[in-house]
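In this chain, numbering begins with 1 at the start of the sequence shown. Treat the numbers as computed from the prediction; the structure is a model and nothing was measured.
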Amino acid sequence: MSSLIQRQRPIIDRSGLGLLPGIGLAFAFALLVMAALLFDAWWVTVAVLLTLLAITGVVVLIVVGVMDDDDEADRP
């Protein structure tokens, strides 16, 4: 199994599949934060919106960073 992962490592690195656990964790955290809206308090609503915006921003930065790395790798 280890040799299979080592052979596939360049594909995983280029495609960004190594980021999936972190993105999945961020998604789960976002769901938990949205569930906090059931407390029906104004400060919870503000905290949820700020947290969701922060998670979205981090995911976008990671995706843009991976795309930029791919563009640089294609250049001679």
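- Using a 4.5 Å cut-off between side-chain heavy atoms of Ile, Leu, Val, Met, Phe, Trp and Tyr, with links allowed through other members, Val59 and Leu61 fall into different hydrophobic clusters.
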Please list every donor-acceptor pair under 3.5 Å in which a side-chain atom of residues 22-29 meets a protein atom from a residue at least two apart or in another chain.
none

Using residues 41-50 as the side-chain source, report each donor-acceptor pair under 3.5 Å to any protein atom, sequence neighbours left out, with the distance given to one decimal.
{"unit_1": "Thr45", "atom_1": "OG1", "unit_2": "Ala41", "atom_2": "O", "d": "3.3"}

